[in-house]
Chemist: 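My questions will all concern the structure given below.
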Amino acid sequence: MYRRYREIVRAIPTSPLDANKREGTLSQLPVQQGSSAITMTASASTEDILEKIRESVEHEGHGDSHVFVILGASGDLAKKKIYPTLWWLFRDGLLPPKTYFIGYARSKLSMTDIQKKIIQYFKVKAGEEEKLKEFFKLNEYVSGAYDRIEGFAELNKVLQTKGNGNRLFYLALPPSVYEPVTLNIKAVCMAKGNHWTRLIVEKPFGRDLDSSNQLSNHLSAMFKEDEIYRIDHYLGKEMVQNLMVLRFGNRIFSPIWNRDNIASVVISFKEPFGTQGRGGYFDEFGIIRDVMQNHLLQILTLVAMEKPPSTASEDIRNEKVKVLKSIQPPDFGNIVLGQYVGNPDGEGDQKLGYLDDPTVPKESVTPTFATVVLFVQNERWDGVPFILRCGKALNERKAEVRLQFRNVSGDIFPQGAVKRNELVIRVQPDEAVYLKMMTKMPGMTFECAETELDLTYNFRYKDMKLPDAYERLILDVFLGSQIHFVRSDELHEAWRIFTPLLHYIEQNKPHPISYMYGSRGPTESDDLMSRHDFKYSGTYRWVPGA
Ligand SMILES: NC(=O)C1=CN([C@@H]2O[C@H](COP(=O)(O)OP(=O)(O)OC[C@H]3O[C@@H](n4cnc5c(N)ncnc54)[C@H](OP(=O)(O)O)[C@@H]3O)[C@@H](O)[C@H]2O)C=CC1
Ligand SMILES: O=C1O[C@H](COP(=O)(O)O)[C@@H](O)[C@H](O)[C@H]1O
């Protein structure tokens, strides 16, 4: 039944590296749809964790159990992401044998009630009905308060019925209850003996440097860093993980990846929908906390970091922290904030602006769009603007990294004929890497033409199913790999960089620039980018599939 899991575990190579450096991740495994053959492409894993898992797999039926507890089981995240992810992992045989699932929340519900809420997100295919029944047999639900130990004692009773084993707690909860919940877990729900307990924490990890430090101090007083998995789901995305390989697996890129060659780096996140009734939640945070301080900054660290000594999580995270330490809080002159307004000519929701959302305070000045320029003050990047740009209710869904190269020196072609090279890593949708470049226009001419070297994943990897970010990350937690999770000092630095700006916005309430739902955002953002050496010519044309 768990053949694929066994194959994966066995396929992880025993690396010749020092055992301490061995750290692998299931997220590095290409999972091929419709095939049980799984090949391991990347590095190894912490040997003793793997050894334990191997043992438990070998002695299926006698080995340790794993219990995955979803705290906040009645909520949105649990419904849309966590339960479906667990089902996909179970369905594909990627979980260890004897894995059980327990939902916990305040609502007085039965597992049947939960099942009714979540099933629509499972994408169950014909022929999977039996497997689905099997999955639900392994599920239970416990109702209890977050701030009362009695509920957790009850939870622990159910945990004990699953035998001795490892325990994973996913906090799919508002951060306001993280403290009581973790206290209660620590008090009565920890795994016993030499079994491990792992805590998966969702953002927001605080609101600013102080509140984040408070949460970190609270957690670190009770849990070791290797028990805490802070999820930033962008770190589970294929193309974000690809940055390491692109950068450090290609001789052609390393010599040019620096201030001598790169004029600017633009990291963008665009969504074509607004807050859609979630504005009440969003309004407390704003787009900088929602996307920029975490997802975009994490991407920046992977673009900017030096080559780590190995692919071990501590080596990588040490390099990421160094990058963050080299970034000063942004200059307030290098910022554009926007808020969307309804488009009278748009359709449906597009007619509604942010302030029309009934859950948003009428006078809100919370930004739904932001462009911020950061500088990494080190030898490699001194003076190169890293432009982070994100917004809701824009013209398209897109997340990408764009490195724009400097002008060709001593240009011999007619003025303006040669455009800057760009390397674009498109995170989503339609994952791609393309290098915009100049070639001779084919034929009886000597004109320069803009074209591209194009790696479009859908063409190159036709039968490959790219796992969802949560699938990779949850598997990584089972395997004990923290490569794609945020360490507490990374978090500290991220908040250090953004807290002055966030406090400035809260205290001074600068009026965000209005932009139309469905537009590219405020044109002031383009002006800011252009002042920071991002040159848009508007002449490039892509011919898809050519
Ligand atoms: N393999 C593939 O799938 C490939 C796809 N393509 C597609 O081709 C199309 C064009 O390619 P692309 O590289 O984006 O090239 P463009 O030159 O069209 O766009 C380059 C960048 O300029 C920005 N921009 C657009 N308009 C302006 C403006 N008025 N002022 C300032 N900046 C602006 C865009 O930002 P913004 O996001 O705000 O619009 C984008 O970041 C895209 O749809 C791309 O996805 C291209 C190559 C390969
Ligand atoms: O963390 C968040 O991310 C989502 C976007 O995630 P994606 O994987 O769909 O790109 C965003 O909608 C949400 O506001 C934010 O909190």
Chemist: Is a donor from one side chain sitting under 3.5 angstrom from an acceptor on the other, for Thr366 and Asp283?
Modeler: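 Per modelled atom types, Thr366 and Asp283 side chains form a pair under 3.5 Å.
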Chemist: If you count every heavy atom of other residues, nucleotides or ligands that lies below 6.0 Å from Lys362 atom NZ, does the total exceed 12?
Modeler: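 Result for NZ/Lys362: enclosed.
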Chemist: Check whether NZ of the Lys or CZ of the Arg Lys392 lies under 6.0 Å from the centre of the six-membered ring of Tyr340 and within 45 degrees of that ring's axis.
Modeler: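 Geometry flag: not set, cation outside 6.0 Å or 45°.
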Chemist: Take atom CD in Glu363; do more than 12 heavy atoms of anything else shown fall under 6.0 Å from it?
Modeler: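 No, the 6.0 Å shell around CD holds no more than 12 heavy atoms from other groups.
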Chemist: Could you tell me which residues satisfy ring-ring contact (aromatic ring centres under 6.0 Å, His included) with Tyr281, sequence neighbours excluded, listed by chain and number?
Modeler: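 Scan of Tyr281 (ring-ring contact (aromatic ring centres under 6.0 Å, His included), adjacent residues dropped) gives Phe285.
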Chemist: For Phe498 versus Leu374, what's the shortest heavy-atom pair and its separation?
Modeler: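 Closest approach of Phe498 to Leu374: CZ-CD1, 4.2 Å.
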Chemist: Can you list the steps and then say if Phe332 with Tyr504 is a ring-ring contact (aromatic ring centres under 6.0 Å, His included)?
Modeler: CA-CA 9 Å; Phe332 296 161; Tyr504 172 82; 4.4 Å; yes
Chemist: Looking just at side-chain N and O atoms, do Asn242 and Tyr457 make a donor-acceptor pair shorter than 3.5 Å?
Modeler: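 Yes, Tyr457 and Asn242 have a side-chain donor paired with an acceptor closer than 3.5 Å.
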Chemist: Look at the aromatic rings of Tyr470 and Tyr170 and report parallel, tilted or perpendicular, splitting at 30° and 60°.
Modeler: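 Aromatic pair Tyr470/Tyr170 classed tilted.
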Chemist: CD of Gln214 to CG of Asp208: how many Å apart, nearest 0.5 Å?
Modeler: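 Between Gln214 CD and Asp208 CG, I get 9.5 Å after rounding to 0.5 Å.
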Chemist: Can you tell which of Tyr141, Tyr83, Phe122 makes a ring pair (Phe, Tyr, Trp, His ring centres under 6.0 Å) with Phe136?
Modeler: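 Option passing the ring pair (Phe, Tyr, Trp, His ring centres under 6.0 Å) with Phe136: Phe122.
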Chemist: Would you please test Phe101 and Phe135 for ring-ring contact (aromatic ring centres under 6.0 Å, His included) and show each step?
Modeler: CA-CA 9 Å; Phe101 313 95; Phe135 175 72; 5.0 Å; yes
Chemist: Run the ring-ring contact (aromatic ring centres under 6.0 Å, His included) test on Phe68 and Tyr100 for me, step by step, so that the C-alpha distance in whole Å, both residues' side-chain angles and the decisive distance to 0.1 Å come before the verdict.
Modeler: CA-CA 6 Å; Phe68 194 102; Tyr100 303 92; over 10 Å; no
Chemist: Which heavy atom of Gly279 sits nearest a heavy atom of Asp357, and at what distance?
Modeler: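 Closest heavy-atom pair between Gly279 and Asp357: N-OD2, 3.2 Å.
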Chemist: Might you point out which heavy atoms bring Ala304 and Phe386 nearest each other, and give the distance in Å?
Modeler: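 Heavy atoms only, the tightest pair is CB-CZ, 4.1 Å.
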Chemist: If we ignore angles and hydrogens, is there a donor and acceptor under 3.5 Å between the side chains of Asp454 and Thr456?
Modeler: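 Thr456 and Asp454 do have a side-chain donor-acceptor pair below 3.5 Å.
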Chemist: Taking 4.0 angstrom as the limit, do Glu422 and Arg402 come out as a salt bridge?
Modeler: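 Looking at Arg402 together with Glu422, the answer is yes, because their closest N to O distance falls below 4.0 Å.
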Chemist: Given Phe269 and His295, is the ring-ring contact (aromatic ring centres under 6.0 Å, His included) satisfied, shown in steps?
Modeler: CA-CA 9 Å; Phe269 165 96; His295 306 327; 7.1 Å; no
Chemist: Identify whether NZ of Lys or CZ of Arg in Lys203 sits under 6.0 Å from the centre of the six-membered ring of Phe205 and within 45° of that ring's axis.
Modeler: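 No; the conditions do not both hold, so Lys203 does not lie above the ring face of Phe205.
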Chemist: As an exercise, state the distance from CD1 of Ile299 to OG of Ser268, rounded to the nearest 0.5 Å.
Modeler: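 Result: 9.5 Å between the selected atoms.
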Chemist: If you measure only the distance, is there a donor-acceptor pair under 3.5 Å linking the side chains of Ser220 and Asn217?
Modeler: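 Not at all, the side chains of Ser220 and Asn217 share no donor-acceptor pair under 3.5 Å.
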Chemist: Take Arg230 and Glu225 through the side chain to side chain contact (heavy atoms under 4.5 Å, CB included) test and state the conclusion after the steps.
Modeler: CA-CA 10 Å; Arg230 295 177 196 82; Glu225 186 64 27; 2.8 Å; yes
Chemist: Quick one: do the Tyr234 and Gln428 side chains pair a donor with an acceptor below 3.5 Å?
Modeler: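 A pair is found: one side chain offers a donor N or O, the other an acceptor, under 3.5 Å apart.
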Chemist: More than 12 foreign heavy atoms under 6.0 Å from NZ of Lys123: is that the case here?
Modeler: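 Atom NZ in Lys123 is not packed in, count stays at 12 or less.
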Chemist: For the residue pair Tyr104 and Phe152, does the interplanar ring angle fall in the parallel (under 30°), tilted (30 to 60°) or perpendicular (over 60°) class?
Modeler: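 The rings of Tyr104 and Phe152 sit tilted, inter-plane angle from 30° to 60°.
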Chemist: Looking only at side-chain N and O atoms, does Lys351 offer a donor or acceptor that is under 3.5 Å from a partner on Asn343?
Modeler: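 Looking only at side-chain atoms, Lys351 and Asn343 do not form any donor-acceptor pair under 3.5 Å.
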